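Below is one structure, written out as C-alpha cells, with a few remarks after it.
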Amino acid sequence: MKAYDHKKIEKKWQNIWDKKGIYKASDSSKKPKYYSLIEFPYPSGAGMHVGHIRSNTAMDIISRKRRMEGYNVLYPIGWDAFGLPTENYAIKTGIHPIKVTKDNTDTFRRQLKALGFSFDWSREINTTDPKYYKWTQWIFLQFLKKGLAYKAKMNINWCPKDKIGLANEEVVDGCCERCGTAVEKREKEQWMLAITKYADRLDKDLDTVDYLSKIKIQQRNWIGRSEGAEIEFHLTPSPSPLQGEGGRRSGEVVKVFTTRPDTLYGATYLVLAPEHPSLVKLKSKITNWGKVTQYILDSKAKGGIERTKDEKEKTGVELEGIKAINPATSEEISVWVADYVLSNYGTGAIMAVPAHDERDFEFAKKYDLKIVPVVLSGGSVQEGWSLDNYSNEWNAQYSNFGKLINSGRFDGLESEIAKKKIVDFVGGKEKVSFKLRDWVFSRQRYWGEPIPVVHCGKCGVVPVPEKDLPVVLPKVKNYQPTDSGESPLANITKWVNVKCPKCKGLAKRETDTMPNWAGSSWYYLRYIDPKNKKEFASQKNLKYWLGSPKQSGGGTGGVDWYNGGMEHTTLHLLYSRFWHKFLYDLKLVPTSEPYEKRTSHGMILASQGEKMSKSKGNVVNPDDIVKTYGADTLRLYEMFMGPFDQSVSWSTDSLIGPRRFLEKVWKIASQLEQNSAHLTLPGVPGGTYATQNFALATALLHKTIKKVTDDIEGMKFNTAISTLMIFVNEIGKFESIQKEDYENFLKLLSPFAPHITEEIWSNLGHKNSIHLSVWPEYNEALIKDKEIKIVIQINGKVRAEMMINGDDGEDEVKGQALSNEIISKYLKDFEVKKVIYVKNRLLNIVV
RNA sequence: GCUCGGGUGGCGGAAUUGGUAUACGCGUUCGACUUAAAAUCGAAUCUCGUAAGGGGUAUGGGUUCGACUCCCAUCCCGAGCACCA
C-alpha cells in the first residue's frame, strides 16, 4: 500500500486544476449562477494569516458544493493593496510601494494556491493597478457630478504621528486606529462623500437582505436612526421688558431636536453645545460673557477625547441675561452651555427634561434645577414621589413611556400618542436624525488613488475629463507626507501643474488621494468583468452575475453569499452598500443591494487566547503547517476547531486529529482499489456477514449525506466533519462497504479536503475530477431506522432502555415498557399517575 | 452605562432547539504489536461510591412530567457603541 504523501498529491492536483481551468467561471452558461465572495486580502508583508484560511476555506467549501450541485460558480480573488502599512514600509526602506506590493502579492498568491482554493485566478484584480483604479476615479467623478462629493472646511481628526486625516470611523477611543496616537482636531479642507444622504435607505433596506442579525444590529446602531421632532424655543433677554408677548422675544430662536416631544412640559431648561452658533450672536445680551467664553475655550481645547470620557462629571455655565420660553407652558426657563451636548448631532441644542433623561437629571441635580415629571410609567403619582427625589429609582420610575401628567390638556394621554399632538400644538416639525456622519474622503498620502480633479483659479474645481483617466500616481523620491499636512504629491511640480481642462489656463492638480476603503467599495463588481476597458463592467455581465431581484426568488439579488469579519461591518460593508446604491440610482447596477447574504467568521487567536501579533511572537505560519501536515489537514483542522462564527484559540497539537482521519480515509481507499465492487477489510472474509454490513454502511451513508449537506449550509463545519469522522470509524467496525457508497462519502469530504479526495477518486478509475461530479442526495427511506432505542424514565430519571420498532404506536410502546423487567420492579410500590411518550425518543412514567 | 454574544470534562467543543448531558477531536492511563522506540490497533477517561445509587452544564430562584436549552435575579468573560437628546 502506498503511503499518503500529501506533498506529492497536493502539488500534482493544484497543477492539473490550474492547467484544466476547472474553477473558471463562465460568463455565458445555461447553469444557474452562484457568486460567492470573501473579503479580498490586504497583502501585508507578514504573509498570510491563519485567519485568512478560515474564511477562505469556508467559502471554498460552499463554492465547491455549489459546483457539484450544478451551479456556474464565481469565486474570485484579488488584492486590496493601497494603504498605510505599505507606504510606511516604503518610507522606512525607500523601496517603491509598487515593488513592495508585487512582492507581497506574489507571496500571498503562492500561499493561497498551496491551500487549493478553487478561485478563478483568471479574474485576479489589484486595486493599485491603474487599469483598476481608473474606474475607482471614474466612480468618484460620478459622485462629484451628482453633488455627493464636496469639499468642506472642517475640523478633522488629525493624527500627528501618521500626519493624516482620519474618518470618524477610523478613530478608536480618541486614538488613531492604526498607530494609537491621540487624535487632534485640525481645520482642513477635505473631500467628503455624502453618505448621510443614503442613511435612511441604508437603514431601511437592511430589512431586505439576509445578513446575520448581529451584523444588521451593528449597522443599525452605527447609522443611528431616531425619530423625533424639531421644536423651536424663543429666547428672551431677561428680565423681560413687559411689552407683551412679542416684545418678550429677543428675536433669536433655538431649534432643538428631541426624540421625546411628549415630555415637553417637563423641559425645565435649555442646553446649547459650546460650538452652537447662537452663542456668538447673543454675545451682547449675555451678562456673564467672560465666564461663558472661558468655558467654550476650555471645552474646545479638551477636544472630543476628554469630553467623551466616561467618569467625567458634567459641567456647564448658565447664560445670564438670557431666558428661553418653553413653547408648551410659556414659562421662562434658564439657558445653559454645556459640553455634554454635542454640536454635530441633532441641532446642537437640547431641551433638558431632567425627570426623564439620566444625563439631564445628573446635570439638574448638580446645578439645582427644577425637575418636573410628566410621564407616568406605572403605579400612582404618590408612589412615585414617595421615593427619594434624587435617587436613580426615582428617575427610573418616570423614564419610561406611559400616561402623561403635569402636561395641561394632554394629561392622561399615552406618551406615544401625545408625541405627535404636542409637536402639532407648538408648531414643531417631525424629524428623523442620524448618528451617521459624512465620510471624510481625502488622505494627505502617496499610496492611494489620486483624486481626479484640477483646481483652476478661474474655473474653480474642474473634474478631469473621463477620457483622461486614469490619473496615474507619479513617481516620487520621498513618500513622507509634508509637515504642512499636504500629500507628498504636492512636491512633484511637473505633475501638479497642468492646463485647466476647461479654460486651458494654468491650473493645479488635486494632491489628496483616496482612502483605502475606496477601492474595496466596488471590487466585487470588477470581478464580474475584470478586463473591460470601456466600462467598470458590462451591463450584460452585471445582469448575469448579480441577477435581478425577481430572478433570485424574492431576495435582493447581488453577490449570493459574502463572508467576512465583524470588524468590517460598519466601515467597508456600509461604504460598499452606499456606493452600490449610488450606482443603482445611476442605473449602472441592476440591484439595490450589493450582497444578498452576509455571514461572519470568528477570529483565530493564539493558543493563550490573545491576538496573534509579531510583537508577541505567537504568529502561526501557514507555510510550515502545509509542509508538515498538508493543506487538506490544515483546511480540515480550521473548519473543525470550533463554531465558525466564534473566536477560537489555535492549537498545533490538535492538528494531528484531522490528519489521522485523512490517513484512515486513505487506508480504506487503498484496500478498496483492489476490489472493483466492494471493500472487505482484513479480518472478515466476506459472505453473508459482509453483505449485511453493506446495508448498514449504506444506511449510515445516507444519514451522513443529510447531516453534512445541512451543516454546510448552516456553516456548522465542525459538526459536519465530526459526522464524517463517525462514518469512517463505523465503517471500520462494519469492516465492509460497497465501492459506490465509499465514493459518495468521498464526494462529501471533497469540499473540505480537495486534494486527497481527488487523488483517491482518480485511483478508483475516474477520468473526470471529483469536484465536477454530482453532489450526493440522500434517500429518505434509508434514513429511517427500523429499530429505535428509546429511554424509559420514571419521574424524569432514566431507569431503562429498550428497542422498539420504528412504526410502533404509543400504546404498543407503553405496554412494552410497563412489562419491562427493570421498570416493573420500580413500579411495584407506586401508582402510575401519568405516562408521557415522546415519539422515538423516550417514555416518562410519572408516579 | 447601553446593545449583542458567551460561560458545559484536563483542553477545543457536541446536544436533533424542551426529551439519555459531555458526540467528534486533542491529551492522559492501561493493553497488543516491537529487542526497543515511533507509528498503528484495542480498552478506559465528569464526579462521589466496592456496589446499589447519588451529584453535576457560572450562581440563586421559578415554570414543566422533564431545563445546558424557557422566565426572573446575580456574577464573570468577549465584541461593538458611547454624554446620540
Side-chain angles (χ1 to χ4, degrees), chain A residues 172-173 212-222 224-226 228-229 256-261 263 267 271 273 307-314 338-342 344-353 356-360 362-363 433-436 566-567 569-570 602-603 605 607 609 636-637 640-643 645-661 663-664 667 707 710 716 718-726 728-729 732 789-801 833-847:
Chain A
V172 177
D173 289 333
L212 240 46
S213 74
K214 61 177 173 183
I215 296 172
K216 285 192 187 183
I217 289 165
Q218 223 181 87
Q219 284 214 348
R220 283 222 159 91
N221 289 343
W222 191 265
R225 180 182 205 275
S226 55
V256 148
F257 176 74
T258 177
T259 54
R260 296 294 307 272
T263 64
V271 190
R307 269 173 71 177
T308 56
K309 276 254 169 72
D310 202 9
E311 331 77 65
K312 209 203 94 194
E313 203 180 314
K314 288 177 179 43
D339 61 12
Y340 81 95
V341 173
L342 304 176
N344 48 16
Y345 183 76
T347 60
I350 62 158
M351 59 178 224
V353 186
H356 301 285
D357 184 281
E358 264 182 70
R359 290 150 301 160
D360 297 345
E362 206 185 303
F363 191 80
S433 254
F434 296 94
K435 243 159 64 171
L436 189 71
M566 274 314 277
E567 70 273 20
T569 305
T570 51
M603 274 194 299
L605 305 169
S607 51
L636 213 51
Y637 168 66
F640 183 61
M641 62 197 297
D645 62 341
Q646 276 169 41
S647 54
V648 276
S649 297
W650 180 267
S651 160
T652 302
D653 289 343
S654 298
L655 268 158
I656 193 68
R659 170 72 195 200
R660 282 182 190 145
F661 166 65
E663 302 260 11
K664 280 187 213 168
K667 207 167 109 188
K707 175 82 174 144
D710 293 348
K716 293 178 184 169
N718 53 336
T719 50
I721 291 167
S722 102
T723 306
L724 292 168
M725 285 172 166
I726 291 170
V728 170
N729 292 345
K789 188 174 78 176
I790 69 157
V791 160
I792 310 168
Q793 297 181 330
I794 294 174
N795 284 354
K797 283 225 162 76
V798 179
R799 295 298 176 187
E801 289 174 358
K833 273 192 185 156
K834 202 172 166 189
V835 178
I836 293 140
Y837 177 56
V838 182
K839 193 157 187 267
N840 296 347
R841 193 123 303 158
L842 61 71
L843 190 89
N844 190 13
I845 302 165
V846 186
V847 297

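All chains are named by letter (A, B, ...) in the order of the sequence lines, taking the proteins before the strands, and each is independently numbered beginning at 1. Predicted model only: the values in this text are computed from it and were never measured.
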Could you measure between the two [atom1] atoms, the one in [N] and the one in [M], and give it in whole Å?
N     : M     : atom1 : value
B:U63 : B:U69 : C1'   : 14 Å
B:A39 : B:A32 : C1'   : 14 Å
B:C46 : B:G25 : P     : 15 Å
B:A21 : B:A79 : C1'   : 29 Å
B:G7  : B:U57 : C1'   : 9 Å
B:A23 : B:U47 : P     : 13 Å
B:U16 : B:G6  : P     : 14 Å

Exercise for the section: Determine which nucleotide pairs with B:U34, using a 3.5 Å limit on both distances of a Watson-Crick or G-U wobble pair. Expected result: none
Exercise for the section: Have a look at B:U17 and give me syn or anti from its glycosidic angle (syn if within 90° of zero). Expected result: syn
Fill in the blank from the handout: Against the side chain of A:Arg660, the closest entry in B:G19, B:C4, B:C26 is B:C26
Problem - Any side-chain heavy-atom pair of A:Trp222 and A:Ile217 under 4.5 Å - result: no
Practice task
Please check if the side chain of A:Gln218 supplies one atom and the backbone of A:Thr570 the other of a donor-acceptor pair under 3.5 Å.
Solution key: no
